[in-house]
Amino acid sequence: MNKKITIVMYHYVRDLKYSRYPQIKGLDVRLFEEQLQYIQKNFQPVTMEEVMAAYENGDFSELPERPLLLTFDDGYIDHYTVVYPLLKKYGIQGSFFPNAKAVKEHKLLDVNKIHHILATAPLDELVKACFDLMNRYRKQGIEIPANEELYRELAVPNRWDPGEVIFVKRLLQNRLSEDLRGQMATELFERYVGMSEEVFARELYMNRDQIRCMKEGGMFFGLHGYDHYWLGKMPKEQMEQDIRKALDYFSDVVDSERWVMNYPYGNYNEDVVRFVRANGCRLGLSVEADYADEASDRFALPRFDTNDLPPKGTRVV
């Protein structure tokens with residue numbers, strides 16, 4: 001029998017109504033606990049070590065009939081204050097993938113600037129603000145494609161977000177040059193969020209002591225890059241340096257001989273996979289919404305989103 005492994009991906013998990021940013025795209029703590037109760041009734045949670053062993057040995061016979069694995073991206077403080085206590089309560093292991101730069105340097109990652117800009121700014125106003133900033137940069141002699149051209153190219157809705165949101169995300173995540181998109185994200189964050197980035201980062205992410213505590217409590221930790229870049233779109237040397245820096249920084253919680261790579265944005269290419277395989281990585285996680293099984297590429301295992309599970313969704317039942 002070809003066993004299907006359900007891998008689920010989480011990001012923000014908090015009491016949304018009473019949080020500072022109730023519009024953030026996250027899962028409410030009440031729904032998270034309901035999901036854990038649903039999982040215990042309908043699945044058999046497994047550990048990352050068990051999944052690694054199954055793929056390394058080519059033997060899924062030791063896995064239960066309906067194995068499920070929980071993964072948590074980006075290393076938010078939510079994972080320590082909200083997720084960890086509930087996982088301990090229900091006896092389930094979580095696999096966590098913090099970004100090294102956020103923890104080490106207390107720097108706010110561009111991806112999180114974008115999340116909180118989108119959670120605070122009126123969407124029509126935000127799109128116009130992006131256009132206005134690019135118009136200003138063009139007057140300074142910076143070459144940028146026309147606003148209308150970029151909007152047509154990027155504003156393609158997906159199953160979670162409308163086109164306007166995707167436009168802002170893609171524009172500021174990877175379409176413009178690194179320096180330019182970083183400058184735009186910083187300006188928009190200052191305008192709409194208005195907090196010190198260092199203070200914000202210290203509040204948003206877990207710290208080293210919390211990560212060690214969770215590791216000692218039975219949680220699994222893997223890599224999610226250093227800067228949270230699109231690894232498959234980076235120059236090869238820069239990509240390798242990003243992964244190596246993250247591996248070095250988390251050497252006390254990540255086994256350098258047997259670790260898991262969680263590709264930021266689910267983005268990778270042959271060079272990325274070749275490099276991680278050659279440096280001790282045993283599994284890779286993507287963002288394709290599907291079940292993992294014995295036939296899956298173990299360096300690109302699919303994951304469902306939390307919104308695919310009851311009570312949020314019905315794609316995984």
Excluding sequence neighbours, so at least two apart, what forms side chain to side chain donor-acceptor pair (under 3.5 Å) with [X]?
X	value
Arg181	none
Glu240	Lys236
Lys25	Asp161
Tyr90	Glu33, Gln37

For the residue pair [X] and [Y], confirm or rule out a side-chain donor-acceptor distance under 3.5 Å.
X	Y	value
Ser251	Asp248	no
Tyr226	Glu105	yes
Asp59	Ser61	yes

Counterpart residues, side chain to side chain contact (heavy atoms under 4.5 Å, CB included), relative to Asp78 (two or more places apart):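 Partners of Asp78 by the side chain to side chain contact (heavy atoms under 4.5 Å, CB included) criterion, ordered by chain and then number, come out as Tyr12, Arg14, Tyr76.
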
Hey, does the side chain of [X] reach the backbone of [Y] with a donor-acceptor pair shorter than 3.5 angstrom?
X	Y	result
Arg298	Arg282	yes
His224	Asn262	yes
Asn112	Leu108	no
Trp259	Val276	no

If you count the non-hydrogen atoms of other residues, nucleotides and ligands that lie under 6.0 Å from [atom1] in [X], is the total more than 12?
X	atom1	result
Lys245	NZ	yes
Arg208	CZ	yes
Glu62	CD	no
Lys215	NZ	yes

Residue pairs involving residues 300-309 (criterion salt bridge (Lys or Arg N to Asp or Glu O under 4.0 Å); sequence neighbours excluded):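 Qualifying pairs: Asp73-Arg303, Arg159-Asp308.
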
Ring pair (Phe, Tyr, Trp, His ring centres under 6.0 Å) against Phe220, all qualifying residues, sequence neighbours excluded: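 Result, ring pair (Phe, Tyr, Trp, His ring centres under 6.0 Å) vs Phe220: none returned.
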
Listed partners of Tyr55 passing ring pair (Phe, Tyr, Trp, His ring centres under 6.0 Å), at least two apart: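 Ring pair (Phe, Tyr, Trp, His ring centres under 6.0 Å) check on Tyr55 returns Phe60.
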
Can you hop from [X] to [Y] via hydrophobic side chains spaced under 4.5 Å?
X	Y	answer
Leu285	Val253	no
Ile7	Leu309	no
Leu180	Leu188	yes
Tyr268	Phe97	no

For the [atom1] atom of [X] and the [atom2] atom of [Y], what is their distance to the nearest 0.5 Å?
X	Y	atom1	atom2	result
Leu172	Leu126	CG	CG	7.5 Å
Asp15	Arg30	CG	CZ	10.0 Å
Ile39	Glu34	CD1	CD	12.0 Å
Asp110	Lys113	CG	NZ	4.5 Å

Arg152: partners by salt bridge (Lys or Arg N to Asp or Glu O under 4.0 Å), with sequence neighbours left out: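 Arg152 satisfies salt bridge (Lys or Arg N to Asp or Glu O under 4.0 Å) with no other residue.
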
Those residues that, when tested against Lys128, pass salt bridge (Lys or Arg N to Asp or Glu O under 4.0 Å) (two or more places apart):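 Lys128 satisfies salt bridge (Lys or Arg N to Asp or Glu O under 4.0 Å) with Asp132 once adjacent residues are dropped.
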
Aromatic ring proximity Tyr265/Tyr229, centre distance under 6.0 Å: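 They do not qualify: ring centres at least 6.0 Å apart.
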
Close aromatic pair by centroid cut-off 6.0 Å: Phe32 and Tyr10: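 Between Tyr10 and Phe32, which both carry aromatic rings, the centre distance is below 6.0 Å.
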
Minimum side-chain heavy-atom gap Trp160-Asn307 below 4.5 Å: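 When only atoms from C-beta onward are counted, Asn307 and Trp160 do touch, with a gap below 4.5 Å.
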
Any side-chain heavy-atom pair of Phe43 and Tyr38 under 4.5 Å: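 With C-beta onward as the side chain, the pair touches.
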
Check this for me: does any side-chain nitrogen of one of [X] and [Y] sit under 4.0 Å from a carboxylate oxygen of the other?
X	Y	result
Arg274	Glu270	yes
Arg170	Glu153	no
Asp252	Arg212	yes
Arg136	Glu187	yes

Residue pairs, two or more places apart or on separate chains, that pass ring pair (Phe, Tyr, Trp, His ring centres under 6.0 Å) and touch residues 169-199: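 Output for this query lists Phe189-Phe200.
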
Residues clustered with Val287, ILVMFWY side-chain links under 4.5 angstrom: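 Val287 shares its hydrophobic cluster with Met9.
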
Aromatic plane relationship, Tyr80 with Tyr84 - under 30° parallel, 30 to 60° tilted, over 60° perpendicular: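 Rings of Tyr84 and Tyr80: parallel, under 30°.
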
